[in-house]
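Along the sequence shown, residues carry numbers from 1. Heavy-atom basis, side chains included; hydrogens, waters and symmetry copies ignored.
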Amino acid sequence: MKKFLSVVLSIVLIAGCFSACVSGKSVKEEEKKPEYELAFVCDYAYAEDKNNAFAGYEALCRAVINGEDSARLNTDLIDSVRNLFFTSFPLNALVEDVSVKEDGSGVAIKYKNEKEAHLKAVADFTAKIKEITTACASDNKNIYAINVYHYITSNIKESKDMTVTCYDTVMKGEGTSFSYGQLLAYLLMLGGIEASFITALDASDTGWGLCQVKLMDKYFYLDPMTEYFDNGGTVLRYFGMTDSDLKKEGLKEPTHTTKKACEDTSDLYFDILRICKSYEIQGTDLLVTTTEGEVVKIAL
């Protein structure tokens, strides 16, 4: 009898161990995927800074996301780090100051809000960016670019406040040509597309914000705010513009925020969009109905 009980207990123990192993495996397999995280991207006008200081830029961005009061980085590269941070990371709007620590080990970060409010602001911004990029997602970068452009132009609400930042535009849903141009460039970069926020002058020498993008190894201009003013953001007349198109629009002297002139933008690949009446995407083709009633196919 004792021998029989010993055998039964052994079987129970082995079964229990096996069950625990299976259960553990199941839990591991069912672990939640990591939460959406903001990618650290760079305006391509700052390629030199990126090559020199990306690690420091990333360290600073991560510290801001976590609400930390300092970040370790090579302070010899602080100018390059600041360039990247204040041009390519919208959450810089939550930061009051970034200063080199006395011991030279990194930077001290001063925020505009208390930590709890700061972390909520970061979480809310991240959730909104996830929502936008998910709505515009495509494995085809050219289609993603069109989706993002249309998302922005069809949701524009003009603000008269010229201090509105890219962050404010994401969270409040309103902005200027500058903040929408910055947001467009940022979203394109998140999709793995080379983009740069640029400024130009209109006929009265007033500043105007837009975006230059590299698609299919060629450069083009995208002007979301003018698209909105022209047609409510329903079509693509100001997508894929050339230098000549920019001049016809009344804009001149397009420059990066580095003060460098923009790259040559003369390719006519999207020229038919200047007379776009409507469009649709079918597969990997953009079907454009012109104001003359002609349907033109552009391969994406």
Side-chain angles (χ1 to χ4, degrees), residues 90 128-129 131-138 142-162 164-188 190-191 193 195 197-204 206-213 215 220-242 244-251 254 265 269-282 285-298 300:
K128 186 62 179 178
I129 293 299
E131 175 188 325
I132 297 172
T133 54
T134 299
C136 299
S138 174
N142 301 319
I143 293 176
Y144 174 78
I146 291 173
N147 290 345
V148 167
Y149 180 81
H150 176 70
Y151 181 95
I152 288 179
T153 59
S154 61
N155 286 286
I156 283 178
K157 181 179 179 182
E158 185 186 12
S159 172
K160 298 299 183 182
D161 180 3
M162 298 306 292
V164 169
T165 66
C166 177
Y167 168 82
D168 294 329
T169 294
V170 172
M171 302 312 301
K172 298 177 181 178
E174 61 180 41
T176 64
S177 67
F178 299 99
S179 66
Y180 278 113
Q182 290 170 331
L183 177 57
L184 176 57
Y186 179 64
L187 292 171
L188 291 173
L190 288 178
I193 297 171
F197 167 64
I198 64 171
T199 59
L201 297 175
D202 64 15
S204 61
T206 301
W208 191 258
L210 61 161
C211 175
Q212 188 179 51
V213 63
L215 298 172
F220 301 96
Y221 293 116
L222 313 179
D223 188 348
M225 185 62 88
T226 300
E227 190 79 66
Y228 166 73
F229 285 145
D230 181 76
N231 55 74
T234 59
V235 290
L236 302 171
R237 290 179 194 153
Y238 298 87
F239 181 98
M241 294 191 298
T242 64
S244 177
D245 293 328
L246 217 61
K247 290 177 182 178
K248 290 177 183 177
E249 186 188 329
L251 295 177
T265 309
Y269 195 79
F270 292 107
D271 191 50
I272 197 66
L273 293 179
R274 305 295 78 79
I275 53 172
C276 176
K277 180 181 179 181
S278 63
Y279 76 93
E280 64 176 309
I281 295 173
Q282 287 189 359
D285 293 324
L286 176 65
L287 301 183
V288 182
T289 300
T290 71
T291 53
E292 300 169 353
E294 181 184 7
V295 177
V296 179
K297 182 171 69 174
I298 301 176
L300 299 174

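Annotation: the span from Met162 atom CE to Ser177 atom OG amounts to 6.0 Å, rounded to 0.5 Å. Interatomic distance, CD of Glu294 versus CD1 of Ile275, reported as 7.0 Å (0.5 Å rounding). Atom CD1 of residue Ile193 and atom CG of residue Leu187 lie 10.0 Å apart, to the nearest 0.5 angstrom. Taken to the nearest 0.5 Å, the CD1 atom of Ile129 stands 9.0 Å off from the CE atom of Met171. Here the straight-line distance linking atom CG of Leu236 with atom CZ of Arg274 works out to 9.0 Å at 0.5 Å rounding. Rounding to the nearest 0.5 Å places CD1 of Ile298 at 7.5 Å from CD1 of Ile146.
Within the 3.5 Å criterion, the main-chain N or O of Asp202 finds no donor-acceptor partner in the side chain of Thr206. Here the side chain of Thr289 pairs no donor or acceptor atom with the backbone of Tyr279 at under 3.5 angstrom. Within the 3.5 Å criterion, the main-chain N or O of Glu131 finds no donor-acceptor partner in the side chain of Thr134. Using modelled atom types, no side-chain atom of Asp223 and backbone atom of Tyr238 make a donor-acceptor pair closer than 3.5 Å.
Shortest non-hydrogen contact noted between Cys211 and Gly181 is CB-O, 4.2 Å. In terms of heavy atoms, Ser179 sits closest to Thr169 at OG-OG1, 2.7 Å. Nearest heavy-atom pair, Met225 versus Gly175, reported as atom, atom and distance to 0.1 Å: CE-O, 3.7 Å. The two residues Ala200 and Leu210 have their closest heavy-atom pair at CB-CD2, 4.1 Å. In terms of heavy atoms, Thr199 sits closest to Phe178 at CG2-CE2, 4.0 Å. Here the closest non-hydrogen pair linking Cys136 and Asn147 is O-ND2, 3.2 Å.
Contact check for Phe239 versus Leu215: side-chain heavy atoms found under the 4.5 Å cut-off. Put simply, the side chain of Tyr221 does not reach to within 4.5 Å of the side chain of Asp245, judged on heavy atoms. Residues Thr133 and Val148 form no side-chain contact, since every pair of their non-hydrogen atoms from C-beta on lies 4.5 Å or further apart. The side-chain heavy atoms of Val170 and Pro90, taken from C-beta on, include no pair separated by under 4.5 Å.
With sequence neighbours left out, the ring-ring contact (aromatic ring centres under 6.0 Å, His included) criterion links Tyr228 to no other residue.
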- Query: Would Leu286 and Asn142 count as a side-chain contact (heavy atoms from CB on, under 4.5 Å) if you check the C-alpha gap in whole Å, the side-chain angles of each, and the deciding distance to 0.1 Å?
  - Reply: CA-CA 10 Å; Leu286 176 65; Asn142 301 319; over 6 Å; no
- Message: Determine whether His150 and Glu227 satisfy the following criterion, side-chain contact (heavy atoms from CB on, under 4.5 Å), listing intermediate values before the conclusion.
- Response: CA-CA 9 Å; His150 176 70; Glu227 190 79 66; over 6 Å; no
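Ser244 and Thr242 are not linked by any side-chain donor-acceptor pair at a separation below 3.5 angstrom, with hydrogens and angles left out of the test.
Using a 30° and 60° split on the angle between ring planes, Trp208 and Phe229 fall in the tilted class, from 30° to 60°.
Applying the salt bridge (charged side-chain N to carboxylate O under 4.0 Å, His left out) test to pairs two or more places apart or on separate chains, those with a residue in residues 231-240 are Asp230-Arg237.
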